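In what follows, a single structure is set out as structure tokens and then discussed.
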Amino acid sequence: MSTNERIGVYICHCGSNIAQTVDCAALTEYAKTLPGVVVAKEYKYMCSDPGQDLIKKDVAENKLTRVVVSSCSPLMHEETFRTAVEDAGLNRFLFQMSNIREQVSWVHKDKVRATEKAKKLLRAAANRVLHQRPLERREVPVTPEVLVVGGGIAGIEAALRLADAGKKVHLVEKEPTIGGHMARFDKTFPTLDCAACILTPKMVSVGQHRNINLMVCSEVEEISGYTGSFKVKIRRKATCVDNASCVGCGVCWEKCPAKKIPSEFEEGLANRTAIYIPFPQAVPKRPVIDRDNCIYFKTGKCKVCEKFCDCKAIDFEQKDEVVEITVGAVIAATGFETLDPRTLPRYGYGRFDNVLSPLEFERLTNASGPTAGKVLLKDGSVPKSVAILHCIGSRDEKHLKHCSRVCCMYSLKFAHLVEEKTHAEITNFYIDIRAFGKGYEEFYHRLLKEGVTFVRGKAAEVTNVAEAPEEKGKLIVVAEDTLLGKVRRVPVDMVVLSTGLKARSDAGHMAHVLGISRSADGFFLERHPKLGPVDTPTEGIYLAGACQGPKDIPDSVAQGAAAAACALSLIDRTRVVLEPVTAEIDEKLCAGCKLCIANCPYSAIEFDETRKVSVVTEALCKGCGTCVATCPSGAARQKNFEDAQISSEIVGILASM
Amino acid sequence: MENQERFEPRIVGFLCRWCTYTGADLAGTSRIQYQPNVAAIRVMCSGRVDPSFVLKSFAEGADGVFIGGCHPGDCHYSEGNYKAVRRYRLLLRMLGQFGIDPRRVRLEWVSASEGERYAEVINEFTDEIRKLGPLEWNREQPAVSERSIA
């Protein structure tokens with residue numbers, strides 16, 4: 001193929017990452033034989049400044065018109081090199097990258113075959129770049145508002161940081177109050193400061209902040225649009241209370257006759273009424289009516305709350321409302337769930353009264369909880385011995401493969417609290433103690449000094465079948481003590497199961513709404529495990545807190561603030577550039593069959609009745625290219641993914657050496 | 001004799017940028033080894049894979065074609081992968097008429113977090129094509145290559 005184009009090819013060694021498997025010298029020599037290639041060079045680190053300067057210098061000196069870099073994945077450095085090419089004076093889309101690290105040198109050991117594959121990929125790129133065209137990037141205005149989904153500590157932190165920066169924040173929370181899991185904790189490890197004391201001031205700030213539009217009992221139903229201008233549909237569920245009129249005086253829930261409803265906030269250890277606030281410090285301090293349990297909704301009679309409400313805030317006819325907003329960025333802070341201990345029946349949860357889940361223990365030990373902070377057995381007596389079982393469901397092939405990160409530390413915290421409150425004999429059953437954070441190891445040592453017993457071995461079961469007189473009437477924890485090399489049976493009064501953290505059961509649905517992926521463990525997938533832990537592949541959608549993976553409070557706060565910074569750096573630009581990979585339709589070739597219209601997921605194609613052709617609305621097109629694959633006449637074209645460009649790659653891959 | 005050596009099939013892969021290409025990158029970052037027979041072309045969505053790309057690949061001498069997209073429900077563009085699977089089913093029926101074993105084309109869902117699965121699928125597909133042997137469609141019908149898309 002003859003061409004007037006002048007291609008420069010640059011082969012990156014990536015230190016030894018590429019060079020140890022791919023023969024870079026041979027690849028460079030091979031590049032020189034390809035059509036249009038006038039310069040081919042190898043360099044240790046192409047992404048470094050000297051590497052980029054190499055390109056810039058050659059564009060000037062050798063009058064290059066196209067550039068190819070064989071290095072890492074384009075998902076890693078395409079932007080870097082496109083910018084270098086642009087700085088050199090070429091259009092940034094007259095550049096192509098071939099991935100010889102992630103998809104060659106790191107996955108193949110045979111040097112000869114790896115080099116051969118690198119040649120194929122390079123040839124495909126050099127072929128393709130000849131067919132590429134200069135493109136203009138689209139610029140769209142940015143709406144300087146942010147949606148934060150989830151009002152736990154990560155979402156609260158993100159919302160406050162943004163609001164303090166003067167940005168409008170829409171904070172959407174599913175529950176009737178913000179606060180998330182942290183609001184239910186008593187003390188926090190390792191400093192043992194009271195969770196409520198450090199959290200509730202932040203919750204109040206959120207409730208009062210003039211830049212925060214707080215929507216509780218609300219769920220995000222749909223997100224459309226694009227970076228800088230996401231259109232969001234939020235369903236505000238009917239609470240039967242008019243928040244504007246209500247002053248939160250509390251008469252309604254005092255008078256409500258339906259009093260025996262297990263409180264979700266108290267893990268069912270205490271009851272609430274049908275009209276209720278989850279806990280006294282709830283933000284907003286506005287009650288909601290639980291329709292499933294409300295006597296009026298069940299029988300058609302009652303309305304006691306309405307009778308006593310001086311503010312006339314009760315509205316039994318209230319309907320769900322769908323609110324539509326536009327935001328520039330979205331922060332997902334949807335949190336986690338704890339593993340249901342019922343999925344591990346051998347530990348007796350649900351069968352034995354005094355086997356507790358970690359959240360139940362948190363409520364039990366909480367000063368504002370059902371026992372006013374006293375650690376008590378179901379019969380009201382004080383336990384004389386307590387076992388805390390680590391890694392229940394975590395690091396377990398059958399349940400959660402991952403380490404849930406926080407369980408060791410909250411188990412140590414529980415041990416300390418039980419010691420402090422009951423002086424009971426405490427035994428921890430553990431696999432490894434993972435005390436990784438600041439002050440954590442020191443806390444573990446403190447516990448060792450407090451006389452807590454640690455048995456190295458994961459508990460196998462909890463039983464009430466006594467085999468010895470001292471086991472009568474007790475719960476017996478059976479575990480192999482791996483340090484002694486023998487099975488032990490430890491009789492105790494109370495067992496706390498330190499269950500792991502898992503992705504929320506609605507995480508799949510949420511990922512779909514957000515248009516993001518999940519990792520194998522079900523948590524949301526970040527853009528890069530190291531360099532993009534807060535970003536997602538979609539610019540403008542960020543992650544905060546345990547929705548991305550198990551996290552403790554400091555890490556959730558840090559990620560919340562980081563996500564706020566990411567969102568801020570996006571919305572503070574007045575405009576954002578979008579990839580010009582949109583579709584267009586050649587009117588001369590369009591037969592007017594409308595197949596493209598039927599296939600477009602964004603309704604971005606309209607039919608022009610006067611000219612009898614389909615027309616793409618560029619602002620709505622997201623560049624998937626499915627209309628192009630569908631078009632029988634070849635009239636539809638996707639910029640930078642044209643048929644000729646992809647075909648030239650096919651030819652490049654398959655051409656004989 | 002050349003045919004005494006192990007046959008190394010030539011396979012073209014079309015990988016969606018959001019899921020499978022990222023999954024392939026993850027296999028790299030995790031240093032999971034697999035056979036080097038598949039060379040990947042990145043597309044924005046598996047829905048972009050025109051069936052004629054597959055025919056073009058065979059016409060140019062490919063022994064197999066791999067298409068990788070997002071799992072159902074995970075498509076970055078809502079439903080591009082469903083479009084891909086529709087075209088794929090039709091394509092399989094057409095391949096028979098061309099005398100091409102439909103096993104030579106494979107559509108798989110590989111997510112961005114499934115680096116290990118990407119390696120497994122590629123190894124398995126490569127072995128299958130190796131068993132099927134060379135296609136050499138380009139040699140039998142050289143004219144097709146010129147007739148097919150640019």
Side-chain angles (χ1 to χ4, degrees), chain A residues 72-76 99 101-110 113-114 116-117 120-121 124 128 508 511-512 515-521 525 529 537-538 579 581 599 601-602 622-631 634 638 640-641 643-644 646-656, chain B residues 8 10-14 17-19 21-22 24-53 56-57 59-62 70 73-80 83-84 87 111-114 116-117 119 138 148-150:
Chain A
C72 51
S73 169
L75 304 183
M76 184 86 202
N99 182 349
R101 192 179 74 173
E102 280 84 345
Q103 298 190 14
V104 179
S105 72
W106 278 352
V107 288
H108 309 312
K109 284 213 172 77
D110 181 333
R113 296 195 63 200
E116 191 187 319
K117 182 172 171 186
K120 284 184 194 174
L121 291 173
R128 189 192 207 276
H512 187 64
I516 58 175
S517 306
R518 294 196 293 156
S519 39
D521 52 17
L525 185 66
T538 308
E579 279 289 275
V581 290
N599 270 273
Y602 301 106
K622 288 207 180 187
C624 65
T626 191
C627 58
V628 188
T630 249
C631 179
Q638 186 185 8
N640 217 33
F641 287 92
D643 283 353
I646 294 171
S647 286
S648 66
E649 280 188 86
I650 298 172
V651 173
I653 286 171
L654 295 165
S656 38
Chain B
E8 289 302 345
R10 302 203 287 173
I11 304 170
V12 179
F14 295 96
R17 174 235 181 281
W18 302 97
C19 291
Y21 195 91
T22 314
D25 275 0
L26 179 64
T29 322
S30 323
R31 313 296 200 276
I32 301 167
Q33 304 292 305
Y34 56 86
Q35 302 182 58
N37 299 61
V38 177
I41 293 175
R42 185 170 53 121
V43 287
M44 292 305 278
C45 177
S46 55
R48 174 67 185 95
V49 181
D50 190 322
S52 69
F53 294 164
K56 169 85 177 169
S57 302
E60 292 293 334
C70 307
D74 284 355
C75 177
H76 187 78
Y77 305 102
S78 319
E79 50 197 47
K83 309 282 164 52
R87 293 185 191 121
S111 82
S113 63
E114 293 177 328
E116 211 169 326
R117 193 175 122 75
N138 55 335
S148 67
I149 51 163

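These figures come from a predicted structure and were not determined experimentally. Labels below follow one simple rule: chain letters A, B, ... track the order of the sequence lines, proteins then strands, and each chain is numbered from 1.
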> Is the closest side-chain heavy-atom distance between D25(B) and W106(A) below 4.5 Å?
Replying inline: no
>> What part of Q33(B) gets within 4.5 angstrom of chain A, counting heavy atoms only: side chain, backbone, both, or neither?
In response: both
> Taking NZ, NE, NH1 and NH2 as the nitrogens, is one of them in D643(A) or R48(B) under 4.0 Å from a carboxylate oxygen of the other?
Replying inline: yes
>> Between Y21(B) and chain A, with a heavy-atom cut-off of 4.5 Å, which part of the residue counts as in contact: side chain, backbone, both or neither?
In response: both
>> Once disulfide bond (SG atoms under 2.5 Å apart) is applied, do any residues pair with C70(B), and if so which ones, sequence neighbours excluded?
In response: C19(B)
> Among side-chain atoms of R87(B) and T626(A), is any donor-acceptor pair under 3.5 angstrom?
Replying inline: yes
> Are P537(A) and W18(B) close enough that some pair of their side-chain heavy atoms sits under 4.5 Å apart?
Replying inline: yes
> Using a cut-off of under 4.5 Å for heavy-atom pairs, which of Q35(B), E79(B), R10(B) has the most such pairs with chain A?
Replying inline: R10(B)
>> So does D74(B) get a backbone contact from the side chain of H512(A), meaning a donor-acceptor N/O pair under 3.5 Å?
In response: no
> Among A84(B), P51(B), A39(B), A119(B), which residue forms the greatest number of heavy-atom pairs with chain A at distances under 4.5 Å?
Replying inline: A39(B)
> Do the non-hydrogen side-chain atoms of T630(A) and K83(B) ever get within less than 4.5 Å of each other?
Replying inline: no
> Do you know which of N640(A), V581(A), V104(A), T538(A) has the most heavy-atom pairs with chain B at a distance under 4.5 angstrom?
Replying inline: T538(A)
> Is it the backbone or the side chain of S46(B) that comes under 4.5 Å from a heavy atom of chain A, or both, or neither?
Replying inline: neither
> Is S113(B) reaching over with its side chain to a backbone N or O of R518(A), donor-acceptor style, under 3.5 angstrom?
Replying inline: yes
>> With a 3.5 Å distance limit and no angle check, can you tell me whether K117(A) reaches the backbone of V38(B) through a side-chain donor-acceptor pair?
In response: yes
> So what's closer than 4.5 Å to chain A heavy atoms on I41(B): side chain, backbone, both or neither?
Replying inline: both
>> With chain A as the partner, which of C75(B), A62(B), G80(B), S78(B) has the greatest number of non-hydrogen pairs under 4.5 Å?
In response: A62(B)
